[in-house]
Protein chains: 2
Amino acid sequence: MTDERPAPAAPAAGLRERKKRRTRDALLRAALLLFIAQGYEQTTVDEIADAVDVSQRTFFRYFANKEEAVFAVQDLVESHFVAELRARPATEGPLRAMRAAVLAAWDTVEEALSDVVPVELYMRSYRLIESTPALLAVHLRRSTELEERISRLIAEREGLDVDGDPRPRVAVAAFSGVMRVTGRLWGQGEDTSVAAIRRMTEAYLDQIGPALAADWRTAPPVART
Amino acid sequence: MTDERPAPAAPAAGLRERKKRRTRDALLRAALLLFIAQGYEQTTVDEIADAVDVSQRTFFRYFANKEEAVFAVQDLVESHFVAELRARPATEGPLRAMRAAVLAAWDTVEEALSDVVPVELYMRSYRLIESTPALLAVHLRRSTELEERISRLIAEREGLDVDGDPRPRVAVAAFSGVMRVTGRLWGQGEDTSVAAIRRMTEAYLDQIGPALAADWRTAPPVART
DNA sequence: AGGCTAGTGACAGCGACTGACACTTCACAG
DNA sequence: CTGTGAAGTGTCAGTCGCTGTCACTAGCCT
């Protein structure tokens with residue numbers, strides 16, 4: 001989806017190219033900062049364009065809509081996760097591989113998007129998404145697209161056909177469901193650090209087994225928050 | 001969330017009330033029919049209002065936005081599911097109860113919304129949701145709200161605290177994830193019947209266990225679609 | 001140097017939504 | 001019954017996201 005980018009740190013191309021990239025980056029940063037400062041809905045596209053000193057029309061030439069500006073960074077992080085998942089050894093089972101990939105991804109987000117925006121800004125925009133209904137809705141839809149991508153990847157790892165065997169999609173669905181809960185709770189919590197979300201992710205993933213047991217009364221609960 | 005409705009089949013109140021209900025129902029039906037006939041985005045609020053012979057402003061007095069018209073029926077179905085879940089005996093474990101509730105809900109949707117719209121219309125609108133990105137996004141957000149509601153219900157059944165024990169949310173998340181996949185695949189499939197989605201639901205839910213096993217190579221795959 | 005074209009600004013227009021206000025019509029007390 | 005208040009509606013004007021069009025400027029390439 002974003003794989004045709006020349007290179008993460010593109011070596012200077014023509015002057016035109018560089019100029020384009022600069023306006024795009026400027027728009028992106030301005031948008032995120034404004035959204036975070038005054039809220040997504042409270043920020044008009046005109047404001048963003050004015051902040052960068054371009055016309056509104058130009059904003060829409062770079063981003064199909066207001067949302068797209070928000071999810072540009074999210075895109076990077078997701079690709080980063082997929083890359084980590086691809087890197088997992090084939091010996092790991094599906095759940096194990098996904099779990100390892102998310103955790104590894106959190107450990108290395110910083111470098112993954114250092115060129116574009118500081119992690120701090122990403123974490124803030126992630127919280128913005130979680131707390132803005134319109135953005136959350138889009139985020140969830142995009143997540144299902146990511147899920148499909150992951151399902152195919154998992155199926156491939158296991159040498160299966162996604163359409164012939166329900167297990168890849170089911171496993172990914174269950175996994176993603178848990179990730180969702182994690183994201184939501186992190187968004188509501190106090191600790192906005194990467195460490196916090198990593199910790200919560202780990203804790204919740206570990207509960208999949210116990211949670212699906214037929215009877216909870218025999219298994220031990222685990223404190224958290 | 002929709003629990004303060006006077007009664008499913010409200011006995012005639014004042015004339016004003018009845019008139020109100022009639023315009024609302026008319027708007028709802030007109031909206032759904034138009035959406036299905038020509039697509040959600042291709043239908044303007046003006047068209048809907050004109051079809052019922054009221055002003056655009058009036059439409060927005062009944063529905064906060066265009067989307068809301070689509071999800072009014074969905075609301076009924078979801079409440080229906082929750083009711084079925086409430087009715088499950090406390091002896092059933094969480095997963096077992098949720099599974100039984102969905103299936104029972106599908107078996108009785110027809111009566112559940114017969115007063116408002118024919119099931120056929122609901123199934124069509126559900127497909128519309130699945131195939132319209134903007135609607136799907138909202139649907140998913142609403143689903144997470146439903147999930148939270150269910151999580152609390154499950155926690156209550158088991159005598160647990162949702163915030164103290166992750167298992168209710170994790171179990172519901174996994175369950176819902178699978179339901180999502182089912183809905184999506186049904187939406188893409190040929191068979192648009194209630195029976196079809198019920199059948200798929202059952203089949204996919206049965207795959208949760210096998211899908212979460214560490215190693216899939218030992219377990220048997222199951223053909224489908 | 002000079003033509004080509006990508007990137008932009010200015011402008012006009014549509015559709016979703018909102019606020020304000022005036023008007024009609026039901027509800028209900030007297 | 002009737003007068004009065006409030007509920008429900010229409011009209012109008014305005015904001016904002018987003019799109020099409022067109023003319024213009026400035027890198028690009030020969």
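Being a predicted model, the structure only gives us computed values, none of them experimental. Throughout, a chain's letter reflects where its sequence line sits, starting with A, and its residues are numbered from 1.
The nearest whole Å value for the distance from the CG atom in D46(A) to the P atom in dC11(C) is 13 Å. dC14(C) atom C1' lies 14 Å from atom CZ of F60(A), rounded to whole Å. Summarising the geometry, the separation between CD on Q38(B) and P on dG15(C) is reported as 12 Å, rounded to the nearest angstrom. Between the NZ atom of K20(B) and the P atom of dT9(D) there is a distance of 8 Å, given to the nearest Å. As a whole-Å value, the separation of Q56(B) CD from dA16(C) P is 7 Å. Between E41(A) atom CD and dT18(C) atom P there is a gap of 11 Å when expressed in whole angstrom units. We find that CZ of F35(B) is positioned 13 Å from C1' of dG15(C), with the value rounded to whole Å. Rounded to whole Å, atom P of dC28(C) lies 10 Å from atom CD of E17(B).
Between the side chain of R57(A) and the base of dG7(C), no donor-acceptor pair under 3.5 Å is found.
Listed pair Y62(A) / dT8(C) meets the phosphate criterion, a side-chain N or O lying under 4.0 Å from OP1 or OP2. For S55(A) and dT8(C), the shortest distance from a side-chain N or O to OP1 or OP2 is not below 4.0 Å. Of the side-chain N and O atoms in K19(B), one or more sit less than 4.0 angstrom from OP1 or OP2 of dC26(C).
Nearest-nucleotide positions on DNA chain C for R16(B) and V54(A) put V54(A) closer to the 5' end. Of the residues near DNA chain C, V45(B) and R61(B), the one whose nearest nucleotide (by heavy atom distance) lies more toward the 5' end is V45(B).
Under the 3.5 Å distance criterion, the side-chain polar atoms of S131(A) are matched with a main-chain donor or acceptor of L128(A). Between the R180(A) side chain and the T144(B) main chain, no donor and acceptor come within less than 3.5 Å of each other. Looking at R127(B), its side chain does come within 3.5 Å of a backbone N or O of W186(B) through a donor-acceptor pair.
The closest side-chain heavy-atom distance from Y62(A) to E68(A) is not below 4.5 Å.
Among the atoms of the strands shown, none is found under 4.0 Å from any heavy atom of F59(A).
Other residues, nucleotides and ligands contribute only 12 or fewer heavy atoms inside 6.0 Å of the CD atom of E156(B).
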